Amino acid sequence: MKAAFSDLHRGHDPKRFVLRGKFAPGEERPERADRLAAGLQAGRHSLHPAESFGQGPRLGVHSVDYLRFLEEAAEEWKLLADASDEVLGNVHPVRRGGTLPTSLTGRAGWYMQDMACGIGPGTWAAAAAATDVAITAAEFVIEGERAAYALCRPPGHHAYRDAAGGHCFINNTAVAAQYLRSVHDRVAVLDIDIHHGNGTQDIFYDRPDVLTVSVHADPNRFYPFFWGHAHERGAGAGEGFNLNLPIPHGADDAAYVAAIEQSARTIAAFDPGVLVIALGLDASADDPFGGAKVTAGGFRAAGAAIARMGLPTLFVQEGGYLSDNLGPNLTAVLGGFEATA
Ligand SMILES: [Zn+2]
């Protein structure tokens, strides 16, 4: 299938995030994209450079002030006395309301919900390019391709309308889903990253025109902890249009694929014009985050289950971290999809 990419991701190379109270080396590294590209080549998919679509698609789901913060924060951060090379918030208005301050340290806390989303000098260009990658691939589907793949880096599904988190800055999946709404009355999002797609859920939570479904490890013991529970069903006009299917920590192929197959009934009843897959590969047994134990065979079966939904499909890359099987697992998902009518 056609796959879109951009080399601008390389400028985003976060050096650290906070894990159990310690600085840990960044896991969301440029090498991820090289391994994913190798997985595309192994599957004989064609790679196409992203076109630029400007700020418009991003503004479809993000606030102007948040996008401005992402664009300007790294330059402004350098002016602070004794600052590090990455913007990281360390004071947050947790569940207390509050007012957006003028201080950059204050704004960083306001717009960054955890300490796994450091902003460096190349972060804005990379994150903006990732949305262009997603829209370029969405255009392939609009033009009539059965499916297309977007090699997005950094990922996006933990990003809210106005907040970064969990290695995510701009929600590529949500931007693409909103863009596809200009063509289809109803768009379904199925997130199969092992972490709940909390940002995507929140962006569409009160809307009946975008169905959000997420298969992920039980958040009681796994990031993003506070969201992704089965009782979260949407609100207002969107009530009933959000479905969470948490699976046990350490789930195997059978549990993972069964949850994806279960989601097919809800998606079919919604009758969308197009399906957006938030394609995380971190359910892998080899992933450093250790949320599940899915093998290449499980990923191939997941791709086949998605194909049986019978919808035009846009795959948007989310998580999935460095291991020897990162590329092969991408080959497996897309191969399973293409081999299934
Ligand atoms: Zn993930």
Side-chain angles (χ1 to χ4, degrees), residues 9 12 14 17-19 24-33 35-36 39 112-118 127 130 134 149-160 163-174 176 189-203 212-229 244-251 255-256 259-260 263 276-295 298-299 302 306 315-323 325-327 329-330 332-333:
H9 77 88
H12 174 62
F17 74 111
V18 175
L19 184 65
E27 293 280 3
E28 206 287 280
R29 297 179 211 164
E31 186 186 347
R32 294 181 58 242
R35 292 190 178 234
L36 293 164
M112 302 166 82
Q113 61 177 349
D114 57 39
M115 297 186 80
C117 53
Y149 169 83
L151 205 177
C152 293
R153 180 184 174 270
H157 72 151
H158 298 309
Y160 287 72
H167 312 311
C168 299
F169 304 89
I170 303 177
N171 194 317
N172 307 308
T173 291
V189 176
L190 170 59
D191 188 319
I192 62 169
D193 187 285
I194 199 60
H195 302 97
H196 174 242
N198 53 318
T200 316
Q201 167 176 302
D202 190 80
I203 285 166
T212 46
V213 181
S214 183
V215 172
H216 49 267
D218 183 350
N220 276 302
R221 287 182 54 202
F222 205 62
Y223 188 91
F225 299 107
F226 318 109
W227 307 279
H229 301 271
N244 286 326
L245 297 169
I247 55 178
H249 202 266
Y256 183 65
I260 292 169
S263 77
V276 181
I277 302 295
L279 178 61
L281 295 167
D282 43 10
S284 167
D286 305 300
D287 193 86
F289 285 108
K293 294 189 166 57
V294 176
T295 68
F299 281 114
I306 291 163
F315 292 92
V316 177
Q317 185 65 47
E318 295 287 356
Y321 299 90
L322 291 181
S323 82
N325 281 328
L326 180 58
N329 286 338
L330 177 59
V333 173

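Just so it is clear, the values below take in all heavy atoms, side chains as well, and ignore hydrogens, waters and symmetry mates. What you see is a predicted model, and the numbers here were worked out from it, not measured in a lab. In listed order, ligands and their atoms are each counted from 1.
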inquiry  = Is H195 close enough to the Zn ion (ligand 1) that one of its N, O or S atoms comes in under 2.8 Å?
reply    = yes
ask   = Measuring to the Zn ion (ligand 1), does D282 have an N/O/S atom at a distance below 2.8 Å?
value = yes
inquiry  = Looking at G228, is its backbone amide N or carbonyl O close enough to the side chain of H216 to form a donor-acceptor pair, meaning the two atoms are under 3.5 Å apart?
reply    = yes
query = For Y149, what residues pass the ring pair (Phe, Tyr, Trp, His ring centres under 6.0 Å) criterion, not counting sequence neighbours?
reply =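 Partners of Y149 by the ring pair (Phe, Tyr, Trp, His ring centres under 6.0 Å) criterion come out as none, since no residue qualifies.
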key: N/O/S atom name from D193 that is nearest to the position of the Zn ion (ligand 1)   =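 It is OD1 of D193.
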key: Charged N-O contact under 4.0 Å between R153 and E28   = yes
message = Using ring centroids (six-membered ring only for Trp), state whether H167 and Y321 fall under 6.0 Å.
response = yes
